[in-house]
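Have a look at this one before I ask anything.
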Amino acid sequence: MNLFAIFQRHFPTDRHQPFLETESGRVVTFAELDDTTARYAGLITSLGVKPGDRVAVQVEKSVEALMLYLACLRAGVVYLPLNSAYRESEVAYFLGDAAPKIFVHAGKDESWVTPLCQSLNIVHRYTLEENGNVQAGSGDWHINAAKTAPLLEVVERSDDGLAAILYTSGTTGRSKGAMLTHKNLSSNAEVLHRYWGFKADDVLLHTLPLFHVHGLFVALNTILLNGGKMIFHSRFDAPAAIHAMQHATVFMGVPTYYTRLLAEPTFGLETCKNMRLFVSGSAPLLPETFDEFHARTAHTILERYGMTETGMITSNPYYFSDGKRRRGTVGFPLPGVDVRIMLDDGNVAKADEVGHLQLKGPNVLAGYWQMPEKTAEEFTADGHFKTGDMAMRDADGYISIVGRAKDLVICGGYNVYPKEIELLLDSLDGVLESAVIGVPHADFGEAVVAVVVKKDGATLEEAAIITILKSQLANFKVPKRVYVVGDLPRNAMGKVQKKLLRERYCGTFVSK
């Protein structure tokens, strides 16, 4: 069934109930949601765009951008969100690969979007701004939609009909378009809605971007299934989020959001008195942040794990009767998701053994856009998807992500898992956070290098850190160099970009 039709079933009977409220106080009702998405979907179909065709969107987060996503679902077309930070050369690749029928963009990018669309023969190009404002561009989406007959029905789609294509980061080569079906998205949202105990009166504080799985599918789809209200902020701002928590019950964020909340002196037990759930994902949460958050608020952050290709895979329990939320772990496989951890020799890993995390389930992507060979390569012979993540399961069944397989460092023939060293580094006095990488070395093949960020006012010395680690680690795991930096490079969702670190320090052991 079309995912939008599933959402509609959960809309309140009184469509004049509020669907969302922005930080500026703008209120959008479910009636307005229905009307706006019908008009947007009407414009899509009037342009000859058919189910399965792509609509690419690169705009800043806004109510209108959210409505366009829902309208694409309603019209049965494939939604292709692009990070608003992408530049011309990056956008050129995505548009050339996906061949969308429509490209909706920000008016400020008119100067380079126009010739790009002409070169790619993308005829239908529109601008979309917040509140329907008009900026430079060939046509304003909101204004044209207002003049178009609405598409009142919802276009039928099968379970395996494509709903969205999201491109992966491409850290290991050419970016891949993950094809996600209506069933992929609906099954994951329905499981999360149940597993995280959503209630009729829940209010979600939404501060995440809309071009990523976390904000677009995990947060938005789940609250839409609830038929409840959102407090919808265009970006994360710690003081504004703290103020909004007085009227919210659920918050989803990346670890950076939590560290910024904790940096606010006013944040604590009183400001969180109405909240029932804090969820963290998209990057590892430091144990120190986990502990400090609980000490300040009496709330235990729920960590979960997922990826673009699969949505959510595992989660710590919501109900404490199902187990504690353990720091440093991502909990248990979600209902309906079959997770296994495999050793290199093809055997299933035992408790506390590190292996390759693989899974099956209705949440797993249909494949990679126009990459049948890559699709085949990423699945095992018995149909399990290879996540590329290294993981371990403890005796109680809790899963921990050790790192990416590509981040594995092989030093002198020995496997070194960066996460093990990072946990030790992060526990040292004066260390705020760390990243461990492998760089070329003439004798060892790869050498371990640590990059650490110091806390304000702390003094860190490379030799002292290495000495401490030598007392706790096998020698082949000990970093041969430790660099102290001001911060670590991150992507839009807060993940440390180790590829950039490897590039920066690749010449560390190269003879001059």
Side-chain angles (χ1 to χ4, degrees), residues 20-26 61 196 202-209 214-215 219 229-304 316 318 320 324-328 422-423 425-435 451-460 484-496:
L20 63 79
E21 181 177 352
T22 69
E23 63 262 63
S24 65
R26 177 185 175 188
K61 181 181 180 180
W196 290 346
D202 269 324
V203 177
L204 171 70
L205 173 55
H206 194 301
T207 65
L208 291 157
H214 196 166
K229 179 185 173 182
M230 274 193 297
I231 299 173
F232 190 76
H233 287 191
S234 59
R235 63 184 181 87
F236 175 77
D237 175 77
I242 292 170
H243 177 74
M245 283 177 192
Q246 300 172 41
H247 312 286
T249 62
V250 179
F251 177 77
M252 301 183 192
V254 297
T256 304
Y257 292 4
Y258 289 104
T259 58
R260 290 178 183 174
L261 287 171
L262 290 169
E264 295 292 325
T266 60
F267 184 68
L269 189 64
E270 181 63 21
T271 54
C272 297
K273 65 182 180 182
N274 291 327
M275 299 295 294
R276 73 164 182 88
L277 178 61
F278 289 93
V279 179
S280 179
S282 298
L285 184 73
L286 291 176
E288 179 181 296
T289 305
F290 183 95
D291 291 341
E292 185 181 351
F293 196 90
H294 184 266
R296 287 268 292 275
T297 69
H299 282 276
T300 305
I301 295 174
L302 185 153
E303 294 181 77
R304 85 305 180 273
N316 268 273
Y318 169 69
F320 285 99
K324 294 182 178 179
R325 300 174 197 167
R326 287 191 185 172
R327 71 175 191 174
E422 290 164 358
L423 289 172
L425 286 167
D426 294 343
S427 69
L428 299 180
D429 289 341
V431 174
L432 179 63
E433 60 179 341
S434 64
V451 186
V452 300
V453 178
K454 69 182 183 68
K455 294 179 179 177
D456 290 342
T459 301
L460 296 177
V484 180
V485 299
D487 54 42
L488 298 175
R490 298 179 184 277
N491 65 14
M493 296 308 296
K495 288 185 179 179
V496 175

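Computed from a predicted structure; not experimentally measured. Residue numbers count from 1 along this sequence.
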message: Quick one, F251 with Y258, criterion ring-ring contact (aromatic ring centres under 6.0 Å, His included). Give me CA distance, side-chain angles, the key distance, then yes/no.
response: CA-CA 10 Å; F251 177 77; Y258 289 104; 5.8 Å; yes
query: Can you name the closest pair of heavy atoms from I301 and S280 and give their distance?
result: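 Result for this residue pair: CG2-CB, 3.5 Å.
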- request: Indicate yes or no: at least one non-hydrogen side-chain atom of D487 is less than 4.5 angstrom from one of L432.
  value: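 Side chain of D487 against side chain of L432, heavy atoms only: no contact under 4.5 Å found.
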message: Quick check: closest heavy atoms across A238 and E264, and the distance to 0.1 Å?
response: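 In terms of heavy atoms, the two residues are closest at CB-CG, 3.8 Å.
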message: Which heavy atom of P255 sits nearest to which heavy atom of P284, and what is that distance?
response: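 Closest approach of P255 to P284: CG-O, 3.3 Å.
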- prompt: Are side-chain heavy atoms of K324 and T300 found at a separation under 4.5 Å?
  reply: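 Counting from C-beta outward, K324 and T300 never come under 4.5 Å.
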message: Tell me whether the count of non-hydrogen atoms from other residues, nucleotides or ligands lying under 6.0 Å of NZ in K273 goes above 12.
response: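 12 or below, so no.
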- prompt: Can you find a pair of side-chain heavy atoms, one from L428 and one from L425, that are under 4.5 Å apart?
  reply: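 Counting from C-beta outward, L428 and L425 do come under 4.5 Å.
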message: Between L208 and M252, is the side-chain contact (heavy atoms from CB on, under 4.5 Å) condition met? List the steps.
response: CA-CA 8 Å; L208 291 157; M252 301 183 192; 4.1 Å; yes
- request: Grab the two heavy atoms, one from V254 and one from S282, that are nearest each other, plus how far apart they are.
  value: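 Smallest heavy-atom distance, with atoms named: CG1-CB, 3.8 Å.
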query: Side chains of V484 and K454: does their closest heavy-atom pair fall under 4.5 Å?
result: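 Counting from C-beta outward, V484 and K454 do come under 4.5 Å.
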message: Looking at H243, I'd like to know if its NE2 atom is crowded, meaning that more than 12 non-hydrogen atoms belonging to other residues, nucleotides or ligands lie closer than 6.0 Å.
response: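 Counting neighbours around NE2 of H243, 12 or fewer heavy atoms of other residues, nucleotides or ligands fall under 6.0 Å, so no.
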- prompt: With no hydrogens and no angle check, is any side-chain donor or acceptor of N316 less than 3.5 Å from a backbone partner on E303?
  reply: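 Looks like yes, one N/O pair under 3.5 Å.
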task: Find out whether L286 and E433 are in side-chain contact, i.e. whether some heavy atom of one side chain is under 4.5 Å from a heavy atom of the other.
output: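 Side-chain contact under 4.5 Å: yes.
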message: If you apply the rule side-chain contact (heavy atoms from CB on, under 4.5 Å), what do you find for E422 with V496, and how did you get there?
response: CA-CA 12 Å; E422 290 164 358; V496 175; over 6 Å; no
- prompt: Minimum heavy-atom separation for S24 to T22, with atom names?
  reply: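 Taking S24 first and T22 second, the nearest heavy atoms are OG-OG1, 2.9 Å.
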- request: Would you check if the side chain of K61 reaches a backbone N or O of H233 as a donor-acceptor pair within less than 3.5 Å?
  value: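 Checked: pair present.
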- prompt: What's the shortest heavy-atom distance between K455 and V431, and which atoms?
  reply: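 Reported closest heavy-atom pair: CE-O, 3.4 Å.
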message: Could you tell me if the side chain of V250 sits less than 4.5 Å from the side chain of L205, heavy atoms only?
response: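 The answer is no, as the side chains (C-beta and beyond) never meet within the 4.5 Å cut-off.
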field: Pairwise distance NE2(H206) to NE2(H214) - rounded to 0.5 angstrom
entry: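 Rounded to the nearest 0.5 Å, the NE2-NE2 separation comes to 8.5 Å.
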N/O donor-acceptor pair under 3.5 Å between T249 side chain and V203 backbone: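 Confirmed, T249 side chain pairs with V203 backbone.
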task: Would you give the length of the straight line joining atom CG of L262 to atom OH of Y257, rounded to the nearest 0.5 angstrom?
output: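 L262 atom CG to Y257 atom OH measures 15.0 Å (nearest 0.5 Å).
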F267 vs F293, ring-ring contact (aromatic ring centres under 6.0 Å, His included): CA-CA, chis, key distance, verdict: CA-CA 10 Å; F267 184 68; F293 196 90; 5.5 Å; yes
query: How far does CG of L277 sit from OH of Y318, to the nearest 0.5 angstrom?
result: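 The distance works out to 6.5 Å.
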- prompt: Distance from T297 atom OG1 to E292 atom CD, nearest 0.5 Å?
  reply: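 Those atoms lie 10.0 Å apart.
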task: Test C272 against Q246 for side-chain contact (heavy atoms from CB on, under 4.5 Å), laying out the working first.
output: CA-CA 7 Å; C272 297; Q246 300 172 41; over 6 Å; no
field: side-chain contact (heavy atoms from CB on, under 4.5 Å) evaluation trace for H294 with R325
entry: CA-CA 11 Å; H294 184 266; R325 300 174 197 167; over 6 Å; no
